[in-house]
Amino acid sequence: MDDPSGANQPLIDEYASPTRGARWRASVRRAGGLLGGSPADTSGTALTFVLVFLLLAAGILASGWFYYRSNQQQHRAQVEEQLSAIAELKVNELVQWRKERLGDGGVLFKNASISDLVRRFFAQPADQDAQRQLRTWFAKYGTHFRYDHVRLLDARSVTRLSWPDRLPAAAPSVAAQASEAYRSGQVMLQDFYVSEDDQKVRLALLIPVLDERDGSRPLGVLVLRIDPEYYLYPLLRRWPTPSRTAETLLVRREGTSALFLNELRFRPGTTLTLRASLDRVTMPAVQAALGRDGVIDGIDYRGVPVVAAVHPIPDSPWSMVARIDTAEVDAPMREQLRQLVVLIGALLFGAGASVGMVWRQQRVRMYRGQAESAAALAESERKHRALFETMSEGIVYQDHEGQITSANPAAERLLGLSLDQMQGRTSLDPRWKAIHPDGSPFPGETHSLNVAAKTGQPATGEVMGIFNPRSGAYVWLSVNSTPEFRPGEKTPFRAYAVFRDITEQRQMETELRASEAKFRDLTEHVQVGIVVHAADTSVLLSNPMASEILGLTPNQMQGRTAIDPAWCFIRRDGTSLPLAEYPVERAMASETPISGSVAGVVRRDRQSTTWVDYNARKIQGPDGKLDHVIVVFSDITERIGAEEAIRKLNAELEQRVEARTAQLAVANKELEAFAYSVSHDLRAPLRGIDGWSQALIEDYGAQLDDQGRTFLSRVRAETQRMGVLVDDLLRLSRVGRAEMHRQPVDLSAIARSLASSLRQSAPERAVEFIIEPDLIAEGDVALLEIALSNLLGNAFKFTGKATSARIEFGRTDGSDGNAYFVRDDGPGFDMAYAKRLFGAFQRLHKASEFPGTGIGLATVQRIVHLHGGRVWADAAVGRGATFFFTLGGSA
Amino acid sequence: MTKKVILLVEDNPSDIGLTRRAFAKSHIANELVVAEDGQEALDYLFNVGAPADADGGRLPALVLLDLKLPRVDGLEVLRRIRAHPRTCRLPVVILTTSSEEQDMAQSFDLGANSYIRKPVDFEQFSHVVEQLGLYWLVINETAPPKGT
């Protein structure tokens with residue numbers, strides 16, 4: 001495994017390895033067969049289409065046949081009906097014709113005039129009149145009723161008279177028939193016979209002429225010859241529809257044969273000569289001769305199949321045959337058949353074409369489907385391949401023998417080996433350096449991939465560490481192994497393992513465990529009590545310090561809810577805490593953590609109370625529901641005790657302060673009384689001294705010399721100076737006792753007003769005041785006016801000796817904020833004495849130079865101090881003096 | 001009818017003398033009656049303990065009242081003067097050495113007509129007294145006593 005070349009190979013080269021496509025194809029090849037179409041499917045489809053076509057063809061053929069059959073039968077019925085109708089019509093006409101002929105005979109039979117004429121003629125053959133009259137009769141009959149010959153035969157059948165004249169003798173058959181008629185005295189119809197004179201077929205009407213006078217004695221026979229060509233044959237030949245083969249036959253049975261009585265259409269010249277034997281029963285003529293009535297199929301005299309209607313003609317020996325060739329009858333059907341065949345052919349072709357089209361379309365669809373499947377397969381392969389190539393889990397395929405056949409880039413990265421390096425390596429290879437989570441070696445035989453490939457046993461979540469030669473460290477993997485089987489096989493042909501990197505997870509777990517251990521250690525040793533309550537307020541866990549503070553063992557706390565009597569909390573005032581104010585209940589009710597709350601915990605022995613300072617907060621789960629409550633508390637019993645002591649001390653102190661304040665108030669009162677008495681009582685004697693000195697000057701001044709008067713003036717001056725001194729002292733004491741009322745004060749305005757007053761007090765002096773405008777300060781108006789009055793007054797006073805002076809009031813930046821200053825250009829003073837400057841009654845100048853009591857600056861200092869500021873001076877002898885002051889925070 | 005008296009309530013004999021001298025110098029001829037303490041002043045005003053002479057019913061034209069007095073102090077005297085219907089309209093001028101604001105305020109609150117601080121300088125004092133007499137006895141019209 002420690003293949004150095006492999007380990008050093010750059011990662012990108014491995015990804016470009018040509019084996020990658022191969023390994024992917026190898027892993028997806030199996031899926032191909034499931035999506036593509038097979039040849040068996042195609043032939044099956046073709047067979048289906050052939051069957052469909054055959055069914056269609058059979059249907060078409062059957063329909064055609066039934067249609068044809070039905071048409072044929074219908075046609076046959078029509079033909080038969082037609083034949084019957086024609087036959088019947090002709091039969092009726094023949095019957096009519098016979099009746100007419102016999103009717104003709106009836107007119108002549110037993111005709112008295114004819115009988116008379118014949119008798120006369122026979123009696124006197126020369127009787128021209130009779131002869132003429134008979135001839136007239138004959139001619140009328142012949143021409144009118146269409147008889148070609150009319151003759152009169154006598155008893156011996158000799159022609160005695162004829163029309164036209166001079167006819168040859170009657171044919172023997174006629175003569176024989178005439179004899180019969182003569183004998184029977186009945187009108188008779190001589191059937192078809194061949195005339196001897198012209199060898200043509202004729203018929204004859206035989207009418208016996210009876211002697212009217214002598215009853216029924218026959219005289220002769222009238223023979224009226226009928227030419228069938230005139231009416232009868234045309235009647236027979238006539239056919240109502242044009243037809244190539246139709247004809248009507250008239251037959252008569254003669255012995256054992258049937259005799260054709262009329263001219264045959266297809267065999268001329270056979271009239272009364274053609275006979276057909278009666279045993280030829282297929283012949284319609286024979287059937288007719290045998291008396292059949294109806295429509296029959298048969299073979300006619302030509303040997304041609306025909307359809308015939310046969311009818312016997314009543315009151316005659318004749319039978320009628322109306323026949324037509326089957327061929328002609330079937331001709332329309334054949335045409336129809338031909339059309340039908342064409343139609344069926346077309347239909348079959350159409351059906352075949354349709355089926356073929358559908359089949360073709362299906363083939364196209366199938367091929368398109370196959371193409372789409374192939375595209376889908378390609379797409380699927382692309383997707384799966386991309387997945388295979390890019391997924392963060394590693395995949396390794398191994399065959400049954402344990403050889404690694406394929407691996408994805410993630411596997412290469414995780415294992416630190418290229419596919420080339422892996423291929424040929426089995427899972428048993430000792431170079432893998434696999435270990436169990438506890439660090440023990442992980443033999444290749446027990447590797448789940450190996451097990452899966454050998455036995456088909458899948459495995460999930462197997463954890464193993466594998467040395468990654470590239471990173472030089474163990475990588476921890478969670479491995480799922482899955483065997484793959486070929487259809488029908490019980491032994492896997494290969495298996496694959498999917499594994500993901502859980503190194504970080506393991507690291508995190510380890511860290512978490514360490515963190516948990518640290519946390520546990522912390523809770524065990526921390527100097528605060530910790531109690532965790534479940535959502536139902538029952539105690540989940542507590543730390544040893546909690547036990548110590550509360551005086552309860554963990555077991556005594558575990559599972560106890562807030563309502564448990566084990567808890568007894570009190571307030572600072574000793575009253576017991578209601579349940580709603582228990583730490584856990586308060587934390588549950590509050591949206592924000594509770595902190596810095598104090599409660600007393602009465603110990604179980606009820607003998608002592610432990611005071612705790614607790615913080616409590618509720619912890620909500622991810623769903624926002626209350627999960628648990630943490631209460632952290634520390635023992636502050638000592639602090640509470642100390643606080644109690646301090647409270648007592650404070651109370652005492654307050655009492656003491658009150659006492660002192662009272663004393664101070666008394667002292668203040670005394671001071672005030674003192675000041676009052678000073679102002680009142682000290683001044684009274686001064687006034688007395690002054691007043692009486694004045695009185696002395698006024699009343700007794702004349703008796704004193706100049707010196708005496710000077711002395712008295714001195715007394716008065718001193719007295720008045722003492723008055724000023726007392727007033728200044730009073731003012732100073734009043735400043736000390738004044739109450740401050742801070743408000744914005746326009747110092748510039750005050751300074752201007754004071755300057756104005758000062759100028760007026762000494763209008764002869766030339767003093768220049770330079771006052772900075774808009775200096776607004778925070779302070780007491782009255783006091784600041786006094787201070788400024790003193791400072792400006794001093795400046796004014798000390799510049800009094802000069803011819804002109806310059807006094808300045810302004811503001812400057814000082815070390816402790818803005819400082820106001822009053823500057824003069826007077827004589828100044830020696831800074832060595834500056835310390836004494838602000839003491840009461842301290843003076844730096846002789847009273848004879850500058851009068852004053854030495855209280856002004858003391859007053860100024862007092863006012864500045866009252867404002868929280870400070871005052872100082874800067875001066876030099878002969879160079880003027882500057883007094884600075886600040887006013888506390890507001891300056 | 002003689003001129004109305006001026007009642008000076010003052011315990012200091014030096015001040016009494018000086019006041020008399022000042023009045024004299026200012027040529028104020030009104031009789032100056034001196035009460036040397038508050039009680040005496042009240043007694044004078046309300047005729048307590050003194051014989052009810054013909055003059056007993058007469059009130060001074062002006063009361064000059066010191067504040068610091070034995071027995072009954074000046075403010076109390078002023079309060080009583082203002083409390084009594086007979087004397088409530090009497091002009092009372094506080095004449096004192098005290099310049100305490102408190103005293104001044106209380107005096108005006110109790111109805112003092114004027115408040116004058118006695119200067120130490122006698123010349124100034126004389127001048128003040130002269131002005132006082134001139135104002136209260138000549139210029140000012142006295143309010144008629146109540147009920148008389």
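Excluded from the calculations below are hydrogen atoms, water molecules and symmetry mates; all remaining heavy atoms, backbone and side chain alike, are included. The sequence lines fix the lettering, A, B, ..., with proteins before strands; numbering per chain opens at 1.
With a 6.0 Å radius and a threshold of 12 heavy atoms from other residues, nucleotides or ligands, A:R660 has its CZ atom at or below the threshold. Dense packing is recorded around NE2 of A:H865, with more than 12 heavy atoms of other residues, nucleotides or ligands lying under 6.0 Å away. Enclosure of atom OH in A:Y700 is not indicated, since only 12 or fewer non-hydrogen atoms of other residues, nucleotides or ligands lie within 6.0 angstrom.
Shown here for A:R687 and B:D15, the closest heavy-atom pair between the two residues is NH2-OD2, 2.6 Å. Taking all atoms of both residues into account, the shortest heavy-atom contact from B:S14 to A:W692 is OG-NE1, 2.8 Å.
In this structure, CD in A:E698 is found 6.0 Å from CZ in B:F122, a value given to the nearest 0.5 Å. Note that CD of B:E123 is 8.0 Å distant from CD1 of A:I697, once rounded to the nearest 0.5 Å. The CD atom of A:Q694 lies 7.5 Å from the CG atom of B:D121; values are rounded to the nearest 0.5 Å.
Heavy-atom pairs under 4.5 Å with chain B were tallied for A:I689, A:L686, A:T719, A:D699; the largest tally goes to A:D699.
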